[in-house]
Amino acid sequence: GENVEQHPSTLSVQEGDSAVIKCTYSDSASNYFPWYKQELGKRPQLIIDIRSNVGEKKDQRIAVTLNKTAKHFSLHITETQPEDSAVYFCAARKTSYDKVIFGPGTSLSVIP
Amino acid sequence: GAVVSQHPSRVICKSGTSVKIECRSLDFQATTMFWYRQFPKKSLMLMATSNEGSKATYEQGVEKDKFLINHASLTLSTLTVTSAHPEDSSFYICSATGLAEGSADTQYFGPGTRLTVL
């Protein structure tokens with residue numbers, strides 16, 4: 001089955017700097033890659049997603065890149081703010097109604 | 001956007017009792033619902049996938065007789081933890097996907113249920 005790895009497990013950045021989180025997946029049939037932000041005790045919130053027919057997607061300060069050949073994808077957050085502090089999960093899925101497999105998560109701390 | 005609710009948000013029970021958790025899609029029909037379990041500072045671990053009107057598909061290592069899942073309608077799925085023990089204490093989160101506004105295949109998560117078994 002699908003296996004998603006994620007690095008780093010923890011990340012601390014100064015406010016205003018950029019943060020990059022990298023993920024790899026094992027199943028070449030996966031074609032949908034969402035990213036979730038989870039604050040303590042809360043539900044995961046979808047922040048951005050990318051499909052396999054696209055190499056890059058951007059939404060304001062957040063961007064995601066995908067390299068299908070290498071089976072890895074990355075999340076980039078620019079101009080980080082303290083409210084960006086949370087746990088971020090990458091994930092992968094095959095078909096529209098298939099299960100989403102989560103990476104182990106990255107705890108991001110933005111230091112004011 | 002689509003809304004998924006869960007009830008209860010927190011439950012404390014004695015060892016040996018059964019606990020039922022409800023997951024509802026409030027404004028869309030959820031053809032598929034997923035149940036996850038999350039331990040502190042860990043990732044979401046998929047327990048099972050349920051489709052309306054059919055038996056749930058459990059992930060390897062998840063006891064289907066202990067974690068009973070019912071998806072009786074397009075807006076409701078339930079997870080029953082039977083004969084709960086302290087090691088079942090965890091954060092249980094459901095998600096739903098279906099014919100939601102904006103995206104037909106986005107997964108929407110419920111707020112989670114914190115189960116504590118004494």
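Residue numbers begin at 1 in each chain, while the letters A, B, ... track the order of the sequences. Computation of the quantities below employed the complete heavy-atom set of this structure, encompassing side-chain atoms and omitting hydrogens, waters and symmetry-equivalent molecules.
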Same apolar cluster (I L V M F W Y, side chains within < 4.5 Å links), Leu75(A)/Leu108(A): yes

Glu79(A) atom CD, over 12 foreign heavy atoms within 6.0 Å: no

In one Ile/Leu/Val/Met/Phe/Trp/Tyr side-chain cluster, 4.5 Å: Leu11(A), Ile48(A): yes

Phe91(B) portion near chain A, given a 4.5 angstrom heavy-atom threshold: side chain

Contacting region of Phe89(A) [heavy-atom separation from chain B under 4.5 Å]: side chain

Chi angles and distances behind the side-chain contact (heavy atoms from CB on, under 4.5 Å) call for Phe34(B), Val100(A): CA-CA 9 Å; Phe34(B) 303 88; Val100(A) 170; over 6 Å; no

Single-linkage hydrophobic cluster Val4(A)~Leu46(B), side-chain heavy atoms < 4.5 angstrom: no

Closest contact, heavy atoms only, Gly103(A) versus Ser43(B): O-OG, 2.6 Å

Same apolar cluster: Val110(A) and Ile77(A), side chain cutoff 4.5 Å: yes

Crowding at CD, Glu83(A) (>12 non-hydrogen neighbours, <6.0 Å): yes

Closest-packed option against chain B by number of heavy-atom pairs under 4.5 Å, given Ala91(A), Pro44(A), Gly105(A): Pro44(A)

Shortest non-hydrogen separation from Lys99(A) to Thr49(B) and the atoms involved: CB-OG1, 4.2 Å

From CA spacing to verdict: side-chain contact (heavy atoms from CB on, under 4.5 Å), Tyr36(A), Gln107(B): CA-CA 11 Å; Tyr36(A) 292 89; Gln107(B) 279 198 20; 4.0 Å; yes

Atom CG of Leu40(A) with >12 non-hydrogen neighbours under 6.0 angstrom: no

Lys42(A) side, atom NZ; Ile93(B) side, atom CD1 - distance, nearest 0.5 Å: 12.5 Å

Neighbour count >12 (heavy atoms, 6.0 Å) for atom NZ, Lys22(A): no

Rounded distance [0.5 Å steps], CD in Glu59(B) versus CD1 in Ile101(A): 6.0 Å

Non-hydrogen side-chain atoms of Gln38(A) and Leu44(B) separated by less than 4.5 Å: yes

Sidechain-backbone polar pair: Arg43(A) side chain, Val4(B) backbone, donor-acceptor under 3.5 Å: yes

Chain A contacts, top residue of Gln60(B), Lys42(B), Gln38(B) (heavy-atom pairs, under 4.5 Å): Gln38(B)

